[in-house]
There are 2 protein chains.
Amino acid sequence: MLRDFIKLSKAISDETRVRILKLLENQELCVCQLMFILEMGQSTVSKHLGILKNAGLIEVRKDWTWSFYKLSKEGMNTYNRKLLKFLSSILNDDSLILKDEERLREVIKKDIKILCNIGKRT
Amino acid sequence: MLRDFIKLSKAISDETRVRILKLLENQELCVCQLMFILEMGQSTVSKHLGILKNAGLIEVRKDWTWSFYKLSKEGMNTYNRKLLKFLSSILNDDSLILKDEERLREVIKKDIKILCNIGKRT
DNA sequence: TATTTATATCCCTTTATCACGATATAGTGA
DNA sequence: TCACTATATCGTGATAAAGGGATATAAATA
């Protein structure tokens, strides 16, 4: 349906959301980890994740007190599957994407408990 | 580059522009023909065509007094080529797209000179 | 040259989107 | 139960996009 396609298309028409998708290609991440990498407020990150989830591109896994987001694997329609595959093939040498991945490597070295508290006090 | 991808993505994040692209899959069309099919004002159609052209998805051919738009063939980057191919594979059974193609068949039966005058007086 | 025609551009109004702070919710641990 | 934490949602102001009328431009024609 055209409306579904537009919804999907709008979901990826935002720099922050593309950055999130590219980050999630590496591994699942929680909101506070993304806050740290993207240097954005909690409500902003959460809303972007909501839009991506609503478009069916990502899914959540609740673990302890954190919500871990990852790229959708199952139950995806044709558009979404093709799109994620396409996305994974592009932008891998983009400077901003590379910078984000650099920051991702920092993040996964830190204890998530400490990181999220740091994130909260900035 | 991420910015280019976002620009492309925004270009296809609008129902009217996707309808235009799907119409141009059939054949090249001028502004007044699109006005008739889409039932939209001249400035609106022209602006959408400008956005698609700016994103590199379509190109113009001036013939007589008309500007005929068609899908880009050459000089396209990877994103655009892949995207147009993807677009051609989807939405072909969407009701609105089918309705547009129905209307397209009407349009190409008419003399373009008469059609464009009709379009102007509505 | 003056006029008509097709299209592009400008301007305005309405609507959508983004980012953020504040608040709500839901689960954890004391 | 009460405080704490991670996330979601609400409200708001700023910016961007959509649609359309009015105007500008450029080519064709009288």
Side-chain angles (χ1 to χ4, degrees), chain A residues 3 6-20 28-36 38-55 58-70 107 110-122, chain B residues 3 6-20 28-36 38-55 58-70 107 110-122:
Chain A
R3 296 298 163 93
I6 300 299
K7 187 200 231 179
L8 177 66
S9 181
K10 276 185 200 279
I12 58 161
S13 294
D14 179 85
E15 190 174 282
T16 304
R17 289 196 288 274
V18 172
R19 289 170 70 193
I20 291 174
E28 63 175 17
L29 291 165
C30 71
V31 178
C32 60
Q33 289 174 314
L34 284 167
M35 284 171 67
F36 184 82
L38 300 170
E39 294 179 292
M40 282 182 179
Q42 181 267 319
S43 65
T44 304
V45 172
S46 186
K47 196 191 290 180
H48 282 304
L49 288 167
I51 291 168
L52 290 170
K53 184 164 168 288
N54 188 247
I58 61 175
E59 53 193 37
V60 210
R61 176 179 69 84
K62 304 257 179 189
D63 185 359
W64 219 49
T65 57
W66 294 289
S67 295
F68 286 94
Y69 285 87
K70 62 176 175 183
V107 160
K110 295 181 202 281
D111 180 1
I112 188 169
K113 268 192 134 154
I114 295 164
L115 179 85
C116 289
N117 280 328
I118 289 168
K120 193 132 193 194
R121 277 155 206 162
T122 27
Chain B
R3 294 300 163 94
I6 300 300
K7 186 198 223 178
L8 177 66
S9 182
K10 276 186 200 279
I12 59 160
S13 293
D14 179 85
E15 190 173 283
T16 304
R17 290 197 289 273
V18 172
R19 289 169 71 193
I20 291 174
E28 63 175 18
L29 292 165
C30 70
V31 178
C32 61
Q33 289 174 315
L34 284 167
M35 283 172 66
F36 184 84
L38 300 169
E39 293 178 292
M40 282 182 180
Q42 182 266 321
S43 65
T44 305
V45 172
S46 186
K47 197 190 293 179
H48 282 304
L49 288 168
I51 291 168
L52 290 171
K53 183 164 169 288
N54 188 247
I58 61 175
E59 54 193 35
V60 210
R61 175 180 70 84
K62 303 258 177 189
D63 185 359
W64 220 46
T65 56
W66 294 289
S67 296
F68 286 95
Y69 286 88
K70 62 177 173 182
V107 160
K110 294 182 203 280
D111 180 2
I112 187 170
K113 268 191 133 156
I114 295 164
L115 180 83
C116 290
N117 281 325
I118 289 168
K120 192 132 195 196
R121 277 154 207 162
T122 26

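Just so you know, these numbers use all the heavy atoms, side chains as well, and skip hydrogens, waters and symmetry mates. Each chain gets a letter, A, B and so on, in the order its sequence line appears, and its residues count up from 1.
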Novice: On the nucleotide dA17(D), are OP1 or OP2 found under 4.0 Å from the side-chain N or O atoms that His48(B) carries?
Specialist: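 For His48(B), the contact criterion (side-chain N or O under 4.0 Å from OP1 or OP2 of dA17(D)) is not met.
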
Novice: Counting any heavy atom closer than 4.0 Å, what does Ile51(B) reach on the DNA or RNA strands: base, sugar-phosphate only, or nothing?
Specialist: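 The answer is sugar-phosphate, as Ile51(B) gets under 4.0 Å only of primed atoms, P, OP1 or OP2.
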
Novice: Listed by chain and number, what are the salt bridge (charged side-chain N to carboxylate O under 4.0 Å, His left out) partners of Asp111(B), not counting sequence neighbours?
Specialist: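 Once residues adjacent in sequence are excluded, Asp111(B) has no partner under the salt bridge (charged side-chain N to carboxylate O under 4.0 Å, His left out) criterion.
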
Novice: Gln33(B) CD to dA6(C) C1': how many Å, rounded?
Specialist: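 Computing the Gln33(B):CD to dA6(C):C1' distance gives 12 Å.
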
Novice: I'd like a list of close polar pairs between nucleotides 20-28 of chain D and the protein, N/O only, cut-off under 3.5 Å.
Specialist:
{"residue": "dG20(D)", "atom": "OP2", "partner": "Gly41(B)", "partner atom": "N", "Å": "3.3"}
{"residue": "dG20(D)", "atom": "OP2", "partner": "Thr44(B)", "partner atom": "OG1", "Å": "3.0"}
{"residue": "dG20(D)", "atom": "N7", "partner": "Ser43(B)", "partner atom": "OG", "Å": "3.1"}
{"residue": "dG20(D)", "atom": "O6", "partner": "Lys47(B)", "partner atom": "NZ", "Å": "3.2"}
{"residue": "dG21(D)", "atom": "N7", "partner": "Ser43(B)", "partner atom": "OG", "Å": "3.4"}
{"residue": "dG21(D)", "atom": "O6", "partner": "Ser43(B)", "partner atom": "OG", "Å": "3.1"}

Novice: Please give, in whole Å, the distance from dA17(D) P to Glu15(B) CD?
Specialist: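 From Glu15(B) CD to dA17(D) P: 18 Å.
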
Novice: According to side chain to side chain contact (heavy atoms under 4.5 Å, CB included), who are the partners of Thr44(A), at least two apart in sequence or on a separate chain?
Specialist: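 Once residues adjacent in sequence are excluded, the partners of Thr44(A) under the side chain to side chain contact (heavy atoms under 4.5 Å, CB included) criterion are Met40(A), His48(A).
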
Novice: Rounded to whole angstrom units, what separation is found between the CD1 atom of Ile6(A) and the C1' atom of dA18(D)?
Specialist: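 The distance from CD1 of Ile6(A) to C1' of dA18(D) comes to 13 Å, rounded to the nearest Å.
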
Novice: For Leu8(B), what residues pass the side chain to side chain contact (heavy atoms under 4.5 Å, CB included) criterion, not counting sequence neighbours?
Specialist: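 With neighbours one apart ignored, the set is Leu57(B), Tyr79(B), Asn80(B), Leu83(B).
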
Novice: From CH2 of Trp66(A) over to P of dT28(C), roughly how many Å is that when rounded to an integer?
Specialist: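 Answer to the nearest Å: 11 Å.
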
Novice: Can you give me the closest heavy-atom contact between Ile58(A) and Lys53(A), atom names plus distance?
Specialist: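 Distance-wise, the nearest heavy atoms are CG1-N, 3.5 Å.
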
Novice: Any idea which heavy atoms bring Ile6(A) and Ile12(B) closest together, and the distance?
Specialist: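 Looks like CD1-O, 3.9 Å.
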
Novice: Rounding to an integer number of Å, can you tell me how far Met35(B) CE sits from dT7(C) P?
Specialist: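 That distance rounds to 9 Å.
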
Novice: Go through the structure and list residues passing side chain to side chain donor-acceptor pair (under 3.5 Å) with Lys7(B), not counting sequence neighbours.
Specialist: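 For Lys7(B) the side chain to side chain donor-acceptor pair (under 3.5 Å) partners, ignoring immediate neighbours, are Asn54(B).
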
Novice: At 4.0 Å (heavy atoms only), tell me whether Ser46(B) reaches a base, stays on the sugar-phosphate, or touches nothing.
Specialist: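 Ser46(B): base contact, heavy atoms under 4.0 Å.
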
Novice: Remember a base hit wins even if backbone is also touched, and classify Tyr69(A) as base, sugar-phosphate or nothing at under 4.0 Å, heavy atoms.
Specialist: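 Sugar-phosphate contact only - Tyr69(A) comes under 4.0 Å of backbone atoms but never of a base.
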
Novice: The criterion is side chain to side chain donor-acceptor pair (under 3.5 Å); which residues satisfy it with Ser67(A), sequence neighbours excluded?
Specialist: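 Partners of Ser67(A) under the side chain to side chain donor-acceptor pair (under 3.5 Å) test: Lys62(A).
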
Novice: With DNA chain C as reference, determine whether Lys10(A) or Val60(B) sits nearer its 5' end, using the nearest nucleotide of each.
Specialist: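 Closest to the 5' end, via its nearest nucleotide, is Val60(B).
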
Novice: Rounding to a whole Å, what distance do you find between Leu49(B):CG and dT9(C):C1'?
Specialist: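 It works out to 14 Å between those atoms.
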
